[in-house]
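Written below as structure tokens is the structure these notes are about.
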Amino acid sequence: MSRAYNFSPGPATLPEPVLRQAQATMLEFGDCGASILEISHRGPDFIAVAQQAEADLRTLLSIPDDYAVVFAAGGATTVQALLPLNFAAPGQACDYVVSGHWGKTAIRQAAHCVDARTAASSEAGGFRDVPARADWQLSPDAAYVHLTANETIHGVEWRDAHLSEAVEAGNAPLVADFSSSIASEPLDIAKFGAIYAGAQKNLGPVGISVLIVRRDLLERSGQPRAPIFDYAAQARAESMLNTPPSWNWYVLGLTVKWMLDEGGVAEFARRNARKAALLYAAIDGSGGYYRNEVAPGARSRMNVPFFLHDPALDRTFLDEAKQAGLVALKGHRVLGGMRASLYNAMPEAGVQALVDFMREFQQAHG
Ligand SMILES: *Cc1c(COP(=O)(O)O)cnc(C)c1O
């Protein structure tokens with residue numbers, strides 16, 4: 001079988017040129033006489049890979065110099081657990097603005113060691129919107145305010161006016177989970193205390209996460225923790241306190257380089273806007289055959305959940321989609337229905353193929 005258009009939410013589709021390069025260097029990397037999997041992370045060959053990946057990521061995301069970048073093993077959930085340990089005092093208030101499943105996960109990871117408060121939540125409305133800025137209940141003494149830039153399961157994204165209001169959150173630094181939307185459009189990182197992402201949605205393979213943090217936050221004492229969980233120590237050691245996930249770091253670097261070669265985040269913003277517009281138009285123009293329930297101003301460009309008018313057709317839809325070369329469209333079990341993830345590596349032709357298929361499916365099963 002040839003490669004299908006893969007709408008997986010994560011681990012997600014990677015650019016084919018990246019996979020080919022990774023394949024080519026699997027047996028022998030440069031003139032090392034060994035695979036990149038088999039060389040020391042402290043040798044010059046891997047150090048060069050790691051430094052280039054950071055330099056390219058800084059260029060891609062326009063990361064200001066007063067922000068450190070930490071690459072670490074583990075996922076976004078690991079970062080969610082380490083945030084309160086590093087940036088809050090024991091029992092200190094931390095404000096969470098919740099617009100979906102992952103915001104709740106972040107609270108769960110923090111609640112055992114800080115006073116993790118829900119400053120606002122759109123759960124009562126089924127997470128079909130972001131909580132209005134006017135309704136946030138911020139704590140005067142919060143260590144930070146946390147939000148999820150893009151809710152991967154609920155398909156809710158902080159955009160435009162919502163995002164501009166959110167980043168003026170107040171005194172506490174804003175910390176944002178960008179796992180499923182990092183590098184999807186230009187972002188003013190200076191508005192945030194920290195942003196983070198697991199790599200497997202938009203940056204590369206699973207197994208590595210990226211934390212971009214304003215350096216003054218690294219001076220906070222946080223609370224008792226093992227040295228390996230200390231972000232300041234990781235930053236000082238250039239993310240090599242212990243053996244980093246070197247293969248993942250390498251493939252992340254290839255993915256970042258590919259994004260730069262394609263034209264950077266401004267170009268991906270244009271592509272992503274066109275892809276999302278195409279799919280939402282197909283859903284909204286289907287006369288109710290397909291529907292998306294998210295408020296128009298909070299619709300995600302990256303993850304589009306949608307439902308068939310008759311859930312009894314879901315299985316057939318997925319089977320026929322697969323035969324048409326469109327895979328991983330099944331919705332998350334929390335919501336059911338379908339979900340199409342349209343990360344940077346999903347070409348516009350893939351979304352066109354999806355909307356063509358959806359139209360044909362409706363004609364055949366209408
Ligand atoms: C996938 C995802 C997570 C969880 O990532 P893991 O790497 O599995 O820990 C957290 N937040 C968001 C927004 C995600 O999309």
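Side-chain atoms are counted along with the backbone in the values below, which use heavy atoms only and exclude waters and symmetry mates. Note that the numbering runs from 1 along the sequence shown for the chain. Atoms within a ligand are numbered from 1 in the order they appear, just like the ligands themselves.
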Test side-chain hydrogen bond (donor to acceptor under 3.5 Å, both in side chains) applied to E185 and N272, step by step | CA-CA 8 Å; E185 65 179 345; N272 291 332; over 6 Å; no
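With sequence neighbours left out, the salt bridge (Lys or Arg N to Asp or Glu O under 4.0 Å) criterion links D261 to K257. For Y231, there are no side-chain hydrogen bond (donor to acceptor under 3.5 Å, both in side chains) partners at least two apart in sequence or on another chain.
Within 6.0 Å of CG on D66 lie more than 12 heavy atoms contributed by other residues, nucleotides or ligands.
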May I have the N/O to N/O pairs between ligand 1 and the protein that fall below 3.5 Å, each with atom names and distance to one decimal?
residue: ligand 1; atom: 7 (O); partner: A76; partner atom: N; Å: 3.2
residue: ligand 1; atom: 7 (O); partner: Q200; partner atom: NE2; Å: 2.9
residue: ligand 1; atom: 9 (O); partner: A76; partner atom: N; Å: 3.2
residue: ligand 1; atom: 9 (O); partner: T77; partner atom: N; Å: 2.9
residue: ligand 1; atom: 9 (O); partner: T77; partner atom: OG1; Å: 2.5
residue: ligand 1; atom: 11 (N); partner: D177; partner atom: OD2; Å: 2.6
residue: ligand 1; atom: 15 (O); partner: T152; partner atom: OG1; Å: 2.4
residue: ligand 1; atom: 15 (O); partner: K201; partner atom: NZ; Å: 2.5

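F306 and Y290 have perpendicular rings, their planes meeting at more than 60° on a 0 to 90° scale where under 30° would count as parallel.
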For residues 323-332, run the donor-acceptor check on the side chains, cut-off 3.5 Å, and write out each pair with its distance to 0.1 Å, sequence neighbours left out.
residue: H332; atom: ND1; partner: V334; partner atom: N; Å: 3.0

